[in-house]
Amino acid sequence: MKALDFSVVIPVYNEKNNLPELIARCLGACKGTNRRFEIILVDDGSKDGSRDIITLAADLHTEVIAVILNRNYGQHAAVFAGLEQSKGEIVVTLDADLQNPPEEIPRLLYEMDQGVDVVGTVRQNRQDSVFRRVSSALVNRIVRQTTGVMMHDYGCMLRAYRRSVVNAMLMCREHSTFIPILANSFAGSTKEIQVSHALRKNGKSKYHLAKLLSLQFDLLTSMSTFPLRLLSLMGAIISACGIGFGALLMALRIVYGASWAAEGVFTLFAVLFVFIGAQFIGLGLLGEYIGRIYHDVRGRPMYFVESIKGESVNQTNENVLELKEGRIE
Ligand code: UDP
Ligand code: MG
């Protein structure tokens with residue numbers, strides 16, 4: 001397997017109109033670095049003909065590799081599929097919609113040359129809706145607090161990772177992953193640089209509200225047991241309220257007599273409701289974690305690669321082939 005200096009991994013989902021410019025600009029930017037590179041375009045089950053453009057690009061350019069997934073698995077699964085095929089010492093990820101200019105790739109490489117494991121980016125004059133900005137600011141804050149990793153912009157996928165970090169990520173087979181944060185948990189040193197951010201030229205964002213919320217929820221639960229801690233905290237608060245309420249009822253009972261408190265029935269109900277509430281919250285949260293365990297224990301692959309075009313048969317595949325053909329004992 002010949003090692004390359006860097007790989008660019010791009011997930012593509014219905015980006016037909018962006019692809020020609022993306023491929024041209026990426027090739028231009030990468031060739032300008034005078035390093036050996038490959039561009040891996042991962043088709044995440046597009047239905048608009050993006051797949052044909054990617055396949056054609058792989059035929060036309062030796063540097064381009066097309067990875068075609070058999071259906072839509074989501075952006076992060078698609079990036080994983082690309083990472084698995086990548087051979088570069090450095091891997092750069094990028095969105096296909098040209099919101100992150102490919103011309104920034106050399107700057108990322110320059111920063112990697114300084115010896116860091118991960119280079120993250122912060123979008124200057126970010127071109128997203130106010131809702132997106134607010135929600136991502138919120139998530140960045142929570143992630144920073146719970147994981148202790150200091151990065152300002154997790155939403156920006158224009159990032160560079162060292163091979164060791166990529167290999168570590170590939171060992172993680174959990175489903176709900178968020179690559180930038182996963183990478184940070186394996187990175188010895190990280191750096192952030194400012195990059196420009198453009199408006200989406202063609203097509204719409206693939207993330208609507210529900211998908212965005214689910215992503216943020218994934219992000220939170222996949223990285224920390226903070227919700228579990230929240231459970232104990234809420235339990236404590238609810239119990240305290242119950243005790244306070246009980247004390248109040250008792251005081252009123254002493255003042256107004258047994259007939260006021262309906263012979264203690266009020267107190268009983270107050271206490272009961274508090275406990276029932278707490279139990280339900282606890283059950284809900286436990287259910288969430290059990291669901292995740294179930295999901296991961298099943299160990300289903302995150303995706304199936306349908307076909308790979310271009311020169312990207314990796315070593316393990318070759319070995320398996322040789323093994324099957326009896327060439328290796
Ligand atoms: N994408 C993908 N699969 C999906 C959704 C998105 O591969 O299910 C790709 C998409 O083609 C783009 C990148 O992920 O290259 C980011 O998507 P988008 O621009 O819609 O996200 P946003 O910039 O709005 O966060
Ligand atoms: Mg985008």
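Counting starts at 1 for both ligands and their atoms, following the listed order. Everything numeric here is computed off the predicted structure, so don't read it as measured data. Note that these values count all heavy atoms, side chains included, but never hydrogens, waters or copies made by symmetry.
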Chemist: With a cut-off of under 6.0 Å to the ring centre and 45° to the axis, is Arg71 in cation-pi contact with Tyr73?
Modeler: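 Yes; both conditions hold, so Arg71 lies above the ring face of Tyr73.
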Chemist: Out of the candidates Leu41, Asn18, Ile39, only one should pair with Ile23 under the side-chain contact (heavy atoms from CB on, under 4.5 Å) rule; please name it.
Modeler: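 So, applying the side-chain contact (heavy atoms from CB on, under 4.5 Å) to Ile23 and each of Leu41, Asn18, Ile39, only Leu41 qualifies.
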Chemist: Using heavy atoms and a threshold below 4.0 Å, how should the contact between Val12 and ligand 1 be classified: side chain, backbone, both, or neither?
Modeler: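 Backbone only; the side chain of Val12 stays clear of ligand 1.
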Chemist: Using a 4.0 Å cut-off to any heavy atom of Asp97, which atoms of ligand 1 qualify?
Modeler: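 Selected atoms, number and element: 18 (P), 19 (O), 23 (O).
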Chemist: Using a distance threshold of 2.8 Å, what protein N/O/S atoms lie below it relative to the Mg ion (ligand 2)?
Modeler: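 The answer, once waters are left aside, is Asp97 OD2, Gln99 OE1.
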Chemist: Under 4.0 Å from any heavy atom of Ala96, which atoms of ligand 1 are there?
Modeler: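 Within the 4.0 Å cut-off of Ala96, ligand 1 contributes 12 (C), 15 (O).
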Chemist: Does Met157 have a non-hydrogen atom less than 4.0 Å from ligand 1?
Modeler: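 Flag not set, Met157 not near ligand 1.
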Chemist: Is it true that Glu89 and Arg35 make a salt bridge, defined as a side-chain N closer than 4.0 Å to a carboxylate O?
Modeler: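 Salt bridge flag = no for Arg35 with Glu89.
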Chemist: Can you tell me how the ring of His76 sits relative to the ring of Phe178, calling it parallel under 30°, perpendicular over 60° and tilted otherwise?
Modeler: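 Tilted, since the angle between the ring planes falls between 30° and 60°.
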Chemist: Examine the proximity of ligand 1 to Asn14 and report which part, side chain or backbone, both or neither, has a heavy atom under 4.0 Å away.
Modeler: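 For Asn14, there is no contact with ligand 1 at all, from either part.
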Chemist: Measure Glu15 to ligand 1 on non-hydrogen atoms and call it side chain, backbone, both or neither using the 4.0 Å cut-off.
Modeler: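 Side chain only.
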Chemist: Does any N or O atom in Lys204 lie less than 3.5 angstrom from one in ligand 1, N or O only?
Modeler: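 In this structure, Lys204 places no N or O atom under 3.5 Å from an N or O of ligand 1.
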Chemist: Looking at Leu158, is its backbone amide N or carbonyl O close enough to the side chain of Glu104 to form a donor-acceptor pair, meaning the two atoms are under 3.5 Å apart?
Modeler: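 Judged by distance alone, no pair lies under 3.5 Å.
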Chemist: Taking 4.0 angstrom as the limit and counting only heavy atoms of Arg200, give me the atoms of ligand 1 inside it, by number and element.
Modeler: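 Answer, ordered by atom number: 18 (P), 19 (O), 20 (O).
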